[in-house]
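Below: one structure, written as structure tokens.
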Amino acid sequence: MGRGPGHRAERHPDVAGPQTLEETTELLDAINKNNLEEAKDAVGDIVVTLIMVCAVLDINLVDCLYGAYGQIKDRKGHLTKEGVFVKEV
């Protein structure tokens, strides 16, 4: 089965990356509108675009998550209801 121009993002991170940015903007818009359904949709779309970027770059998304978690897991502080992490001093 052939792939049309709509599948270019699967092969080129220069397309898949900006798609992630576009979906992130949609998430911010949904948050600003306090629209939970649109926010959920945007989060799903962001994850899909990240999977595409990882496929193009031949990296494992789960490995990326573990790496990021490894960098922050020992930080002390708390998350406010607004979603801001406040570090302990």
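Note that the structure is predicted; figures quoted are calculated from it, not measured.
Here the closest heavy-atom approach between residue A39 and residue A30 is recorded as N-CB, 3.4 Å.
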Taking distance alone, no hydrogens or angles, what donor-acceptor pairs closer than 3.5 Å link side-chain atoms of residues 77-85 to residues at least two apart or in another chain?
| unit_1 | atom_1 | unit_2 | atom_2 | d |
| --- | --- | --- | --- | --- |
| T80 | OG1 | E82 | N | 3.3 |
| T80 | OG1 | E82 | OE1 | 3.2 |
| T80 | OG1 | G83 | N | 3.4 |
| T80 | OG1 | V84 | N | 3.1 |
| T80 | OG1 | V84 | O | 3.4 |

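Listed for the D41 side chain is no donor-acceptor partner under 3.5 Å among the backbone atoms of E37.
Listed by first and then second residue, the side chain to side chain donor-acceptor pair (under 3.5 Å) pairs that reach into residues 50-72 come to none, sequence neighbours excluded. Sorted by first and then second residue, the salt bridge (charged side-chain N to carboxylate O under 4.0 Å, His left out) pairs involving residues 66-78 (not counting sequence neighbours) form an empty list.
The salt bridge (Lys or Arg N to Asp or Glu O under 4.0 Å) search around E88 returns none, not counting sequence neighbours. Every side chain to side chain contact (heavy atoms under 4.5 Å, CB included) that T20 has, sequence neighbours left out, goes to T24, I46, T49, L50, V53. Residues that satisfy the side chain to side chain contact (heavy atoms under 4.5 Å, CB included) test with I59, not counting sequence neighbours, are C54, L57, C64. Every residue two or more places apart in sequence or in another chain that forms a side chain to side chain contact (heavy atoms under 4.5 Å, CB included) with I51 is listed here: V47, L61. For the salt bridge (Lys or Arg N to Asp or Glu O under 4.0 Å) test, residues two or more places apart in sequence or in another chain that qualify with E38 are K33.
Residue-environment remark: CG (N32) exceeds the threshold of 12 foreign heavy atoms within 6.0 Å.
Between the CG atom in L21 and the CD atom in E26 there is a gap of 10.5 Å [rounded to 0.5 Å].
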